[in-house]
Amino acid sequence: MIFEALRWLGLAWDEGPDVGGPYGPYRQSERTEIYREHANLLLAGGAAYPCFCTPDELAAVRKQQLAAKTPPRYPGTCRSLPPAASGARIAAGEPFVVRMKVPVEGSTSFRDELRGAVSFENSKIDDQVLVKADGFPTYHLANVVDDHLMRITDVIRAEEWISSTPKHVLLYRAFGWSAPRFWHMPLLRNLDKSKISKRKNPVSLVYYRQAGFLPQALLNFLGLMGGGMPAEINSATEKFTLDDMIRCFEVGNIRLGGPVFDLAKLKWLNGEYLRALSLDDFYAALRQTVLSDAYLRDVAALIQTRIETLGQFGDLTHFFFADDISPSPAIYLPKNRSLEETLSFAGEQLAVLEAAEWTAADLDAALKSLGASKGWTVKENFMLLRAILTGSAMSPPLLESMAVFGKARTLDRLRRFLETEKKRRPEAS
RNA sequence: GGCGUCAUGGUGUAAUUGGUUAACACGCCGCCCUCUCAAGGCGGAGAGUUCGGGUUCGAUCCCCGAUGACGCUACCA
């Protein structure tokens, strides 16, 4: 799915699980043996140690530390277990994780290519788990091993990784490898400046494609947000293509402040691209997305049994083609339910749907079990969701409609509904 | 709480690596066009650059401190 989304944007890559390459396998699950060997190397060299503490024990310790207002840290219980003792426990089949043995003294520093030297005191770095009890590596081990073996020269990732980088540097050192260059990019933000999240913004590329954004518009917008384009393009015309980005991108032009993801501006930009299309191209774009044969056929299948004239098609299906529904309480509020409990229940529907497998059967099971546990009848439950999603009490079968409409857009519609109602009644949130 | 990063209108960015009435775009408001709504054209409100100290003839820009925001603080990534 992620590959498909990136391809849609017009982005390609030289190596990967799908295209192959000289440094495979590229799938983490196919590299467990490699990670295990490297973990053993660390264990043998004394840079890591087996830890037998159970998750429960650790949770208890953490709770205490938090209560005492001390930083939550691994207490070091297994750090200096004699090799013979831990060897015996492993032999006895006791489950264990592998932790890295971070030096107690000194500090670890690295150069972030965008900000310069960054330094952390070793005493502030926790003994990170490298291999989980199930034998799978954590990101920390996997990324270092993979990047070295795959000859990665530059690690470009989000700012949230800065705090973990010293651990990675320490790992490179323990292996005797030289570390790559690190570039930490600023984080995209929600309107409230927090790290961008799906609760507050549609973040999946699939959503943007289904909602009818053009890939070149989205790419342009992301380029604007990410920075790196020269000022005369970035802030003067503000419009550029992938080719322009390849040609003009300059790391020196990257701004370090975390930009707010401004959906309104994306929409404007997308409109600009849409209007610039020839009518033929515009029509083609419609037919490829919101009016594709496949989509239209799926929608048609849902209303065939309840239609009398073809002219009613639009009346019966408008919600499949609308961007915003936002029904009023008069439509969505069940009899004998308060606004507050209804909105709260809708919020739980959202949570359940987020986790659901997107098939009618799974949706059915998930929604019904939620309704049962909260004392909502199936009718109330489904009618509420129907109102939110279709803006009406009458619609084609709910679950099938949701399946056709798609997960990304359904969730977005629900989130926007909650957002709108919350704003309307701030005290009910 | 600890550690780290960042800081120009509501949002995204500019401002010849110290000298501008602090610019542009989105958004917002108004006017024009027009059967409506958009688009388009024109205009407007909105920041004195988070705050306080320096350095300097002069700081958005350099230095120090404070504050704020964000991130990390998992057998997540």
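First the proteins, then the strands, lettered A, B, ... as listed; each starts at 1.
- Residue contacts shown for A:Pro55 include a base, since a base heavy atom lies under 4.0 Å away.
- Between A:Phe417 and A:Tyr332, a ring centre-to-centre spacing shorter than 6.0 Å is recorded.
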Dump the pairs, protein N or O against N or O of nucleotides 2-10 of chain B, anything under 3.5 Å, distances to one decimal.
residue : atom : partner  : partner atom : Å
B:U5    : O2'  : A:Arg115 : NH1          : 2.9
B:U5    : O2'  : A:Glu159 : OE2          : 2.9

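- Under the ring pair (Phe, Tyr, Trp, His ring centres under 6.0 Å) criterion, A:Trp177 pairs with A:His38, A:His148, A:Phe175, not counting sequence neighbours.
- In RNA chain B, runs of at least 3 stacked Watson-Crick or G-U pairs (N1-N3 plus N6-O4 or O6-N4, or N1-O2 plus O6-N3, all under 3.5 Å) give these stems: B:1-7 with B:67-73, B:10-13 with B:23-26, B:28-32 with B:40-44, B:50-54 with B:62-66.
- When heavy atoms are screened at a 4.0 angstrom cut-off, A:Val129 is found touching the sugar-phosphate backbone but no base atom.
- Against the 90° criterion about 0, the sugar-base torsion of B:G48 places it in the syn range.
- For B:A74 and B:G65, the C1' atoms lie 35 Å apart once the distance is rounded to whole Å.
- Residues satisfying the salt bridge (Lys or Arg N to Asp or Glu O under 4.0 Å) criterion with A:Asp126, sequence neighbours excluded, are A:Arg73.
- Checked against side chain to side chain contact (heavy atoms under 4.5 Å, CB included), A:Asp280 has the following partners two or more places apart in sequence or in another chain: A:Ser278.
- Looking at residues 75-94 of chain A, you'll see that no heavy atom sits under 4.0 Å from any atom of RNA chain B.
- For the salt bridge (Lys or Arg N to Asp or Glu O under 4.0 Å) condition, no pair includes a residue of residues 162-180 of chain A, sequence neighbours left out.
- OP1 or OP2 of B:C75 lies within a sub-4.0 Å distance of a side-chain N or O belonging to A:Arg62.
- Among residues at least two apart or in separate chains, side-chain hydrogen bond (donor to acceptor under 3.5 Å, both in side chains) pairs with a member in residues 84-104 of chain A are A:Arg89-A:Glu94.
- Remark: A:Arg151 pairs with no residue by the salt bridge (Lys or Arg N to Asp or Glu O under 4.0 Å) rule, at least two apart or across chains.
- Partners of A:Asp281 by salt bridge (Lys or Arg N to Asp or Glu O under 4.0 Å), not counting sequence neighbours: none found.
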Between N or O atoms, less than 3.5 Å apart, protein on one side and nucleotides 36-42 of chain B on the other: list the pairs.
residue : atom : partner  : partner atom : Å
B:G40   : OP1  : A:Glu272 : OE2          : 3.3

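- Each side-chain hydrogen bond (donor to acceptor under 3.5 Å, both in side chains) pair with one or both residues in residues 346-366 of chain A, not counting sequence neighbours, appears once here: A:Glu348-A:Lys374, A:Gln349-A:Asn381, A:Glu354-A:Arg415, A:Asp364-A:Lys368.
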